Amino acid sequence: MLGGSMATCGQELEQMSSVDQGSQYSLSDGILPSLGAASRNHRKPKLRRFIISPFDPHYKIWQSFLICLVFYTAWVCPFEFGFLDKAKGPLAITDNVVNGLFGIDVILTFFVAYLDKTSYLLIDAPKLIALRYAKTWLAFDIISTIPSEVAQQVLPHPLANYGFFNTLRLWRLRRVSAMFARLEKDRNYSYFWIRCCKLVFVTLFTVHCGGCIFYFLAAHYRDPKRTWLGLITDNFEDISLWNRYVTSMYWSIITLTTTGYGDLHPVNTQEMIFDIFYMLFNVGLQAYLIGNMTNLIVHGTARTRQFRDTIHAASSFALRNQIPDRLHEQMLAHLCLKYRTNSEGLQQQETLDALPHAIRSSISHYLFNSLVDSVYLFQGVSRDMLFQLVAEMKAEYFPPKEDVILQNEAPTDFYIVVTGSVELILQKNGVEQVFCEAKTGDVFGDIGVLCYRPQLFTVRTKGLCQLLRLNRTAFLNIVQANVGDGTIIMSNFLQHLREMKDPIMEGILTDVEHMLARGKMDMPLSLGFAAKRNDDLLLHQLLRRGSDPNETDHNGRTAMHIAASNGSQHCATLLLEYGCDPNIKDSEENVPLWEAIMGKHESLIKLLLENGAEITSGNVGNYACAAVEQNNLELLKDIVRYGGDVTLPKSDATTALHTAVSEGNAEIVKFLLEQGADSDKRDSYGWSPRALAEHQGHEEIMELFQNKSEVKKPTTAPMPNDPQLPRLVKFQSEPTIPPYVRDGRPNSETQWLDDTRLRRVNNFPNSLFGIMSAANTGEREKDLTKAAGNLARGGHSKSKYPARVTLSCPEKSASVAKLVLVPESLQQLLDIGAKKFQFCPTKVLTKEGAEIEDIELVRDGDLLVLVGDGA
């Protein structure tokens, strides 16, 4: 029935939302959250306006009040049927008031969300609520609230008796049945006495109904003397109503108990017929009371009995051993929660354990992957490892105020909070202090597991919590098979400790670093991790264990590359001693010597050269072009000094001279010509440096080419022969912008934005390119300039070389300059300058003296001057 409703109103389900977790997820009478509930809820759970939660405390009070009225209905309906012919006095008024209250409940039910037994979510869509109610109890609830006076006028004469219609109100007894079912599971009430009360209620209700029907038969028989009541007196109607009621109850109960008939017995045919059926009903009732009830208690409520016995045993154990009240309550709460999770169709873990490993892993991945992926510890790890971790995690429920981890216990597991929150409590001198609170997505127990030290905190739940548990052994087994990911996890862990900025965490960080240095960590660490931290002790430990000195990361970089880039001579020496290849290349064909040259680490450069390092082992053409891109002549000279040929081309036949011409740097062009660079050498697009210089209007560079003594001097720069290349011709109409040339080749707008390297925008106002650019300034070029600025600052660029600028500080030393990366803001640039020069600058100027007010105005290769307030 529910499935049909949901199929009919599928669109409503899409708009369905659940109640706030604080009220929906509870231990006593709410519902448990589904596995991974928090990780799959992307919006704040909240019921729709005017929709009431069935777990709302006010609604529960209303339902309890209605149950009291049901007891009244259970007595008054049979009584009116048997003893009254019409509505009389206060009883009639009370009936109508009760019917009105139940009528209000009918209307209220249209605004009460209901629990979907398949998904365990509260359905708050009004159409679905109305459709479900219409298909279940709506008709019976409406009929039972119709006033008896109205029913007497509508019904046909044979059924117009005052009490006939009232019996339909006994439909409300289903509420009492549901109440007893709830009380049987409530550990605050005695199960034995609840069952006894239910039995007494059924017996009294049966006796009451039987007595009322017996009197009805006697009162409406055509010859009052030929009735069982006529045996007492000839005119029994003269007897008081109370005496007649007591007499009827007496005969009903002696008939029910089959103690035999004495002075009272059925006389006429109607009484005998009813008595036959009544006795047959009594046989079934007694069988129910004696046989079926026993069988129902033993078999149907075996789980409840076992639960009650377990609760009783736990309570007896706690009292007998004088367990503190707090631990006693934790014991009982845990047993109650265990009963909840293993009954009522919530055998979640048992269901998962019964499935094959592949299906179980897929389910866990669906439920928890997004949550685990957001945990700080696993930021940046591979998808493969993340999948393996999720497959090993177990979802567990914990009741409020229960200790999950105790301070100083062995680190066997760590946990991730799915729903709810927990407190991390530090115990000092017997006093508990709350250190912090962990909420959804937070992890605890990680320090003990990763460092293999006693747990630092006692972790206690604040409310009903769902936690993901991961065993330490399973975790380390997975990490051992994913060494690179283990390094990432350890880096995240150390970074997290550092960012917490807490004295306790700083002490742990120091201890962990010492443990790393002594090689006493179970986490598998890579050489790159040690080299990045400049930890030669840890590096030595790893090399002694047999780690490959040439092991690479996912970018092909080795520990030697990292050590050379950081200038760590001790780490480089260790790696060389253990047989590291000094000429090993990464995925971008960079060798360690080039990393050291870029960092200007002279002692490390000397060490590498003494051990056979050669810059020619790498792609010298790339190095030369990179130096030119940075407008760094000194770096270009260093390449020559250490044996590199700066005239060699890159893979696309572009040379450093092509790049220098594109950058418009005449000084670098002159140096490259002195090193033997060929001004007529074409790239893969057919452009030569000479053609580029002429095309872009670099008059100074053209003069250098003309003055250069070459074997063959063409009068004009040769143009490419490729017919697809743009040719420079005289124009008679409005000129168009020639293609902007980069690396010696023309680029379209898309190529310019997507290129993997960065070029500084050059303005040559006297050149052909400058004139045309000035004539065609518009929104399009503004957008391109903005995009170039973003790329130049290294925002989302995929550039191989990030944007750099040269900082100088005349107030400190006019001859000292620092090459730094372009930060994200001007304030960060001032902070970098303050750190580099031990000076507090307040302004950033260009070399011409213009003040820079926005970081977007800074370009790759700029020379910036830092000044103070007095400048």
Side-chain angles (χ1 to χ4, degrees), residues 330 334 368 371-372 375-379 381 385-386 388-398 402-418 421-428 432-439 441-461 465-483 485-500 502-525 529 538 541:
Q330 287 191 21
H334 180 80
F368 305 117
L371 175 69
V372 177
V375 174
Y376 86 89
L377 208 57
F378 307 122
Q379 294 293 315
V381 302
M385 182 177 183
L386 195 65
Q388 297 172 36
L389 288 171
V390 173
E392 293 295 331
M393 293 181 178
K394 306 292 184 184
E396 296 181 351
Y397 292 101
F398 288 86
E402 179 170 340
D403 293 337
V404 182
I405 292 177
L406 294 179
Q407 185 175 342
N408 296 323
E409 75 172 356
T412 57
D413 306 278
F414 69 91
Y415 298 82
I416 300 173
V417 181
V418 181
S421 60
V422 298
E423 291 179 334
L424 276 64
I425 300 173
L426 188 64
Q427 295 183 351
K428 290 184 178 180
E432 294 184 346
Q433 299 177 355
V434 177
F435 178 76
C436 64
E437 181 178 336
K439 299 181 179 180
D442 293 337
V443 60
F444 59 88
D446 49 334
I447 297 177
V449 169
L450 293 178
C451 305
Y452 198 64
R453 58 186 297 170
Q455 296 288 2
L456 297 177
F457 308 100
T458 293
V459 181
R460 184 173 301 154
T461 59
C465 294
Q466 182 187 157
L467 306 178
L468 280 180
R469 176 176 59 86
L470 181 60
N471 181 263
R472 179 178 185 272
T473 303
F475 170 69
L476 291 180
N477 289 339
I478 296 173
V479 174
Q480 292 287 350
N482 300 271
V483 179
D485 290 323
T487 300
I488 295 174
I489 291 175
M490 204 64 206
S491 298
N492 294 338
F493 175 64
L494 296 177
Q495 183 65 23
H496 179 69
L497 294 180
R498 189 176 294 106
E499 291 176 351
M500 293 187 71
D502 182 89
I504 297 177
M505 294 301 145
E506 290 177 357
I508 296 172
L509 177 62
T510 302
D511 293 342
V512 172
E513 290 177 339
H514 287 321
M515 293 175 67
L516 287 171
R518 296 192 300 269
K520 294 185 177 181
M521 294 289 293
D522 290 336
M523 290 283 292
L525 303 175
F529 175 79
L538 175 60
Q541 291 287 343

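Quick caveat, the model's predicted, so the values are computed rather than measured.
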**Study point:** Member of D442, N492, D446 meeting the side chain to side chain donor-acceptor pair (under 3.5 Å) criterion with Y376
**Key:** D446

Check your understanding: To the nearest 0.5 Å, how far apart are CE in M393 and CZ in F475?
Key -> 8.5 Å

Check your understanding: Checking side chain to side chain contact (heavy atoms under 4.5 Å, CB included) for the pair L467/V418: CA distance, chi angles, key distance, verdict?
Key -> CA-CA 5 Å; L467 306 178; V418 181; 5.8 Å; no

Exercise for review: Measure the shortest side-chain to side-chain distance between V404 and T461 over non-hydrogen atoms and say whether it is less than 4.5 angstrom.
Suggested key: yes

Check your understanding: Hey, does L470 have a side-chain heavy atom less than 4.5 Å from the side chain of V449?
Key -> no

Point to revise | Pairwise side-chain contact, I478 with M385, heavy-atom cut-off 4.5 Å (strictly under) | key: yes

Check your understanding: Do the ring planes of Y415 and F444 sit parallel (below 30°), tilted (30 to 60°) or perpendicular (above 60°)?
Key -> parallel

Study note, to complete from the structure: To the nearest 0.5 Å, atom OG1 of T458 lies from atom CD of E423 at 11.5 Å

Review point. Can you name the closest pair of heavy atoms from I425 and Q407 and give their distance?
Key: O-OE1, 4.0 Å

Review point. Taking all non-hydrogen atoms of both residues, which atom of V479 and which atom of G486 are closest, and how far apart?
Key: CG1-CA, 3.6 Å

Review point. Closest heavy-atom contact between F368 and A395?
Key: CZ-CB, 3.8 Å

Review point. D413: what forms a side chain to side chain donor-acceptor pair (under 3.5 Å) with it, not counting sequence neighbours?
Key: R469, N471

**Study point:** Which atom of S421 lies closest to which atom of C465, heavy atoms considered
**Key:** O-SG, 3.2 Å

Point to revise | side chain to side chain donor-acceptor pair (under 3.5 Å) involving E506 - partner list, sequence neighbours excluded | key: none

Review point. Side chains of L456 and F435: closer than 4.5 Å at any heavy-atom pair?
Key: no

Check your understanding: Distance from M505 atom CE to E499 atom CD, nearest 0.5 Å?
Key -> 13.5 Å

**Study point:** F398 and V422, any side-chain heavy atoms less than 4.5 Å apart
**Key:** no

Check your understanding: Atom CG in L377, atom CD1 in I416: separation rounded to 0.5 Å?
Key -> 8.0 Å

**Study point:** Shortest non-hydrogen separation from L386 to F378 and the atoms involved
**Key:** CD1-CB, 4.2 Å

Revision key, fill the gap. The residue among L468, V443, V381 that forms side chain to side chain contact (heavy atoms under 4.5 Å, CB included) with V372 is L468

**Study point:** Donor-acceptor pair between Q427 and E432 side chains, under 3.5 angstrom
**Key:** yes

Check your understanding: Just how far is it from atom CD1 of I508 to atom CG of L494, taken to the nearest 0.5 Å?
Key -> 11.5 Å

Point to revise | Between CG on residue L424 and CD on residue Q455, distance to nearest 0.5 Å | key: 9.5 Å

Study note, to complete from the structure: side-chain contact (heavy atoms from CB on, under 4.5 Å) filter on T412, not counting sequence neighbours, yields A410

Check your understanding: Is there a side-chain contact between H496 and F493, using heavy atoms and a 4.5 Å cut-off?
Key -> no

